[in-house]
Amino acid sequence: MASPQPSQRGIRIAIDRGGTFTDCVGNPGSGKMEDDVLIKLLSVDPSNYEDAPLEGIRRLLSKFTGQEIPRGEPLDTSKIESIRMGTTVATNALLERKGEDIAMVVTKGFKDCLAIGNQSRPNIFALDIRKPEVLYKKVVEIDERVTLEDYAEDPERTQTKAEAIDKAGSDAELVRGLSGETVRILRRPEEEAIRGQLQEVYDSGLKSIAVCLMHGYTYPNHEALVGKIAKEIGFEHVSLSSELMPMIKLVPRATSACADAYLTPAIRKYIDGFSKGFEGGLGTKSVKREEGSKGARCEFMQSDGGLVDVDIFSGLKAILSGPAGGVVGYALTSYDPQTKIPVIGFDMGGTSTDVSRYGSGRYDHVFETTTAGVTIQSPQLDINTVAAGGGSRLFWKNGLFVVGPESAGAHPGPACYRKGGPLTITDANLFLGRLLPDFFPKIFGKNENEGLDAEASEKLFKELAEQINKEVAGDNKGKEMSLDEVAHGFIKIANETMTRPIRSLTEARGHDTSKHRLATFGGAGGQHAVAIAEALGISQILIHRYSSVLSAYGMALADVVDERQEPESKVWSDEKDVREYLQQKMEELKCKSTATLKDQGFTEEQIHFEEYLNLRYRGTESALMIIKPTKEEAEKDYGGDEWAFGKAFVKQHEQEFGFTLPDRDIIVDDVRARGIGKTFQGLEKTVDQQLKEIKPRDLLKGEKEYATRQVYFEGGRQDTSIYKLEDLAVGDRIKGPAIIADGTQTIVVTPGASALVINTHVIINIGDSDGQDKQISTKEVDPILLSIFAHRFMAIAEQMGRALQKTSVSTNVKERLDYSCALFDSEGGLVANAPHLPVHLGSMSTCVRKQASLWSDKLKRGDVLVSNHPMFGGTHLPDITVITPAFSSSDKIIFYVASRAHHADIGGILPGSMPPHSRELFQEGAAIKSEKLVSEGHFNETRITELLLDEPGQYPGCSGTRCLSDNINDLKAQVAANQKGINLISTLMSDYGEAVVRFYMTSIQANAEQSVRALLKDMHKRFEGQDLSAEDFMDDGSPIRLRVTIDPEKGEAVFDFSGTGPEVYGNINAPEAVTYSAIIYCLRCLISEDIPLNQGCLAPIHVRIPKKSFLSPSDNAAVVGGNVLTSQRVTDVVLKAFKACAASQGDTNNLTFGFGGTTYSDSSSDSSTNHRERKETKGFGYYETIAGGSGAGPTWHGTSGVHTHMTNTRITDSEVFERRYPVLLREFGLRPNSKGLGMHDGGEGVIRDIEFRIPVQVSILSERRVYHPYGMNGGGDAQCGLNIWVRKVNKKTVNSDSDSKIEGDVKEGAKTSGEVEDLVKRVVENKDEVEYRYINLGAKNTASMWPGERIIIHTPGGGGWGKPGEESKAVEKMDPRSGWRQGSVASRQMTAEASA
């Protein structure tokens, strides 16, 4: 614990104020570990003290000075050298929504930007969509606007020159922004108008504001003006997004500014109150004070793992303050820079389990994370909450053991805490003997002086075991599970639940989990570490002696940090001028950082820098923050070049994504300097150095034993030695089973493992097995194994997905994660599918079953099939399914794996293969019924090229695929992902045996089937046996009719769609697979609990769809709208039949625009593509779906501006949208009065107003423009959608043929940059002669639009529930995961679930 300026003061204190406990580590000034004093006290104990950290410091000072200091007396800072703290004040204020009341200031047209967010919903199967509340009380829209002059997708790569902001004149229309991009100033703000608006806010009582204006990251002047006026008016806190985090993306930057304005006042209030407890105050300013009592240095831990002076600690950077200390603690005590073995941090406390990773001697940072529903844009350590910790609640649901995500919290806590709490993981560990009441603090009971209550845990386990045995065993006593087996079953499921996201954290970044060590800390970590390590293939566990207070200890070791970052847009080059420009920018950031650190007392020698460039390939959004290579790395890999950022990027891209794009430019998005004021000089000896020197000595039986207990391990209770950690000497080695404990932690050493005590840690080396091997029966289902296999099968599908993402190259797969991977039984029945994209749930198994029957007995090892045809289980043509069979030793197919990926283009009449006006299937691209993609290991590239490129191009007006190389690369990635799945299942079979794995494949389907049968019986009872029926219409009048008849005895139902309209000469026809997907989605929503989603869900369902209806069309019918539109209407009809909720928007509002593409012109009588001239025009294409309102229900209001049911895609951020495409987004907000009214109102739709800046072809494919989203139970209908074209018409030529001629030119897309300019001139030469007309485009249309023309999409709202005026029955619900730290693992899952 070194300090920047050693002094005579001496005492150093580090504190972590957690949710339940406050941990304190104090040192008298020696810096030696043996002199440290550790204190643990309750974070909230109002009857004894007001503030836990202040109380901890009081106790430490009393201990070090030898004098008892009375409570309430200001503490003498003269003996204190430094105080370092991590706090949950910011996190708690976010969770409880108890921050400062604030206003948000934003550009006109974007007042609802945070209410809409990215438009995806957090839980895809929740009908009662709950989005986090916004943090602001009021919004002020400023009438100002800037945009970017050039656009990234410009095939000509035009770059407009302009003067820098500080050099351009005050009336300049074009300026060069901070990022180097040229900014066009469209409207300057009027100072007096802003003053009036802000004064009104101030007068309303709000004293804190957040300011975020469009493109403020690169042009901050307008934000600065607002900030200046706000301070003049007297606002106490002003957060400017351009100062906090100048990174592109309006929504995360606005949320971050709001979070800062919301939390910083709360932090300052806490710090002011805390500082008053000290005689001389705290912080750098108090230390520099020349008169009166001098204060003490005080630094707070930030979310990025660095400390900052108390005077400049802000709310935005405080959210991960406590957990960040733990990461620093294990990183600096467990990682050895010589051996370079990476470490996974496993922090299992009472209320949360967090995982993170440390490797290569540096922290993993993420720049966009979500906590308590608030997405923050700021450097933060990649910390991921994966479970609710020891407080995770235990449930028996639908025949499965379930752990969490619900938590008992700190109050009432687990059952054994003597507060009447529920059964938790802590209770299971206590009951099994793995938690020792002797070593647990006696802080429970009425007088807070009693230990853990083992009887309370046992009582609840008896009740739960009784329920489980009643359902599983019935009257067969021989099948009953013992209490031990039930409790241990929950421990095993908890471990499985935590293992999956840990694997995701490491593998998603290209790391092998098994090559890591596991550093475990937190009060409950030691009880689960061995099982977690075994599951991950990790052989060594490190448990620090301070593991239960490691967050506090980490703060004692941490460095002070100053982060600086600026946006950029340069293309990386090794050319001298580019390097010098970036180096100069870096030096400017470093100078500012150095000044700040020197002001805090650091010398030049103590200041070090990490230099980063945020790089990405052009056309992708996967930016990587690349650190400047070290001298050693530069010598080894880059020929001594320490500024080889480009080469370092290529290397890291290869590692993380499995490929590089040598023909693409590398774009610099940001320049970042991380200034570090060094206070940690390294430990005396690392773990590896100690292990080299140590001579282990095995303890004899009974030696140093504190006691012996009967503890349950796999197979039964065993005599287990208990040791006190303080009784053990360095070098002692203990063989399991054993428990090592002290007053703060309990370490379980399982049979087969061994524990070695070294100076700083307890090292556990994993043995061969945990206990005895158990013979697994395939005659009866073991509910614990069933729950485990449910996790294992899902884990395999997830790992297949990661393999697919890693080896694919297209943006759709790699970045949008628009794919599904799945595992099927030998008949093609779905076993597990990840991620859960609603539209793929039922349809993939239809495809696999069809292929399985077609190729029965004809497939050989190494064969792989490919299909996308609607009649063969496809949904729409861009979704291509690749299927691989797996064979037994006797060459019989025992299961299939499949992956379905959305390919950006597969030919047809329009780029993107999603035409709004297709009439025949061939117009939508390549249609593959059933082909061998791989034959006995040989990839059939010639045949797949024919299918994708040549055959689609033979049809009139059609092109073959426009991105063949991407198609082929992605198909190869799908093949590789399937092979990964086969390898993983083969490993599972070698662990458990083929018969057992196949038995549980069938059993997990039976489990899902039981859940659906139970739902159907319940529905029959609820509706008193009446048939359930519903009807709704597509906008062309085509009816969908459904009658559901339930058999209450069997729990079966017939879904009869008789009366549904005939096939349509259009593209709203939906393959049968789409209807199956809609049904399985609706059933999962109605069950409203997590169940395995597999073939079993459809087993009790008999679906009757009339042939040649538009829900079962012929081979050649167009279907592109069926997948994205008709699927929504089928969902509406099913939910209407079950009277579940009012209709949601029932639409996906598919918008596409662009120009260019491939066309063929006839050059001979032969119509094949070989004899037709191919013409390719460079251009771009863009596709998005747009949110609307969700329907209200019996206990909830609808949600506004959100995607519903069969889709959940995110919208492109407004700033990114304008950077990449030649558009001006005039408005993106909620649509007033579009919702259906009722006892519970529906949600509002949205308005999206896009102005085009060059000529483009624009297409809209939508529904609910004629038939209203219905209300239910007396609730009102919502408004229909409306698509408006704001058309620019030249009065002089409106009656001539010139308009149609120009429109034809645009439609053909045959334009160079010069031709575009010429066309534009022809339209806008005479502005006085132009008028704008508002034209209704209808639901499905395409038009050529000119510069200045707009499309305004008004999306439908959601229907209301119940009669308006009736008393609301809305129920407030909170997602138990809302407080979880959502780093890269959660971000990945949300991205995957938002690709539907």
Where the side chain of Arg187 meets the backbone of Arg145, is there a donor-acceptor pair that is under 3.5 Å apart?
no
If only side-chain N and O atoms count, and only distance matters, is there a donor-acceptor pair under 3.5 Å linking Asn1149 with Ser1262?
no
Determine, for Lys207 against Glu100, whether the closest basic-nitrogen to carboxylate-oxygen distance falls under 4.0 angstrom.
no
Do Met1345 and Phe1252 touch side chain to side chain, with heavy atoms closer than 4.5 Å?
yes
Under a 4.0 Å N-O cut-off, is there an ion pair linking Arg253 with Glu1215?
yes
Can a side-chain donor-acceptor contact be found between Ser378 and Ser256 if the only test is distance below 3.5 angstrom?
no
Polar contact flag, side-chain donor to acceptor under 3.5 angstrom, Tyr1183-Asn1150:
yes
Please determine if Asp665 and Lys570 form a salt bridge, counting it only when a charged side-chain N lies under 4.0 Å from a carboxylate O.
no
Is a donor from one side chain sitting under 3.5 angstrom from an acceptor on the other, for Glu156 and Thr158?
no
Can we say Asp304 and Arg674 salt-bridge, meaning some charged N sits less than 4.0 Å from an Asp/Glu carboxylate O?
yes
State, yes or no, whether a side-chain contact exists between Trp572 and Ile667 at a heavy-atom distance under 4.5 Å.
no
Quick one: do the Tyr581 and Glu568 side chains pair a donor with an acceptor below 3.5 Å?
yes
Residues which pass side chain to side chain donor-acceptor pair (under 3.5 Å) with Ser1234, listed by chain and number, not counting sequence neighbours:
Glu1244
Hey, could you give me the CD1/CG distance between Ile1260 and Asn1283, rounded to the nearest 0.5 Å?
4.5 Å
Check whether the side chains of Arg564 and Thr596 place a donor and an acceptor atom closer than 3.5 Å, and report yes or no.
yes
For Ala1187 and Gly1201, work out which heavy atoms get closest and say how close.
CB-C, 3.6 Å
Give a yes or no answer on whether the side chain of Gln197 reaches the backbone of Glu141 with a donor-acceptor pair at less than 3.5 Å.
yes
Validation row, ring centre Tyr1182 to ring centre Phe1153 under 6.0 Å:
yes
Any side-chain donor paired with an acceptor under 3.5 Å for Glu200 and Tyr202?
no
Within the structure provided, determine whether Ile1351 and Trp1285 are in side-chain contact (heavy-atom separation under 4.5 Å).
no
Return a table of donor-acceptor pairs under 3.5 angstrom between the side chains of residues 231-238 and protein atoms on other chains or two or more places apart.
{"unit_1": "Glu232", "atom_1": "OE1", "unit_2": "Arg195", "atom_2": "NH1", "d": "3.3"}
{"unit_1": "Glu232", "atom_1": "OE1", "unit_2": "Arg195", "atom_2": "NH2", "d": "2.8"}
{"unit_1": "Glu232", "atom_1": "OE2", "unit_2": "Lys228", "atom_2": "NZ", "d": "3.4"}
{"unit_1": "His237", "atom_1": "NE2", "unit_2": "Ser239", "atom_2": "OG", "d": "2.9"}
{"unit_1": "His237", "atom_1": "NE2", "unit_2": "Asp260", "atom_2": "OD2", "d": "3.3"}

Locate the shortest heavy-atom distance separating Glu191 from Ile229; write the atom from each residue and the value.
CG-CD1, 3.5 Å
Enumerate the salt bridge (Lys or Arg N to Asp or Glu O under 4.0 Å) contacts for residues 103-118, please, sequence neighbours excluded, ordered by first and then second residue.
none
Should we say atom CD of Gln583 is surrounded by more than 12 heavy atoms from elsewhere, each under 6.0 Å from it?
yes
Distance only, no hydrogens: is a donor on one side chain within 3.5 Å (strictly under) of an acceptor on the other, for Asp101 and Ser208?
no
Do Arg184 and Val146 make a side-chain contact, defined as non-hydrogen atoms from C-beta onward lying under 4.5 Å apart?
no
More than 12 non-hydrogen atoms from neighbouring residues, nucleotides or ligands closer than 6.0 Å to NZ on Lys585, yes or no?
yes
Strictly by modelled atom types, are His215 and Glu1218 linked by a side-chain donor-acceptor pair under 3.5 Å?
yes
Inspect the contact between Arg672 and Glu563 and indicate whether a charged nitrogen and a carboxylate oxygen are less than 4.0 angstrom apart.
yes
If we count only N and O atoms by modelled type, under 3.5 Å, do the side chains of Glu144 and His222 hold a donor and an acceptor together?
yes
Quick check: closest heavy atoms across Thr182 and Ala162, and the distance to 0.1 Å?
CG2-CB, 3.8 Å
What I want to check is whether the side chains of Tyr217 and Glu566 have a donor and an acceptor closer together than 3.5 Å.
no
May I ask you to test the Val561-Val308 pair for a side-chain heavy-atom distance under 4.5 Å?
no
Donor-acceptor pair between Ser242 and Glu223 side chains, under 3.5 angstrom:
yes
Validation row: Val140, Val106 side chains within 4.5 angstrom (heavy atoms)
no
Cut-off 3.5 Å, side chains only: do Thr218 and Ser179 have a donor facing an acceptor?
yes
Leu1225 versus Ser1214, closest heavy-atom pair with distance
CD2-OG, 3.4 Å
Would you kindly say whether Asp669 and Asn614 are connected by a side-chain donor-acceptor distance under 3.5 Å?
no
Run the ring-ring contact (aromatic ring centres under 6.0 Å, His included) check on Phe649 and Tyr617 step by step: do they pass?
CA-CA 10 Å; Phe649 167 76; Tyr617 282 121; 4.9 Å; yes
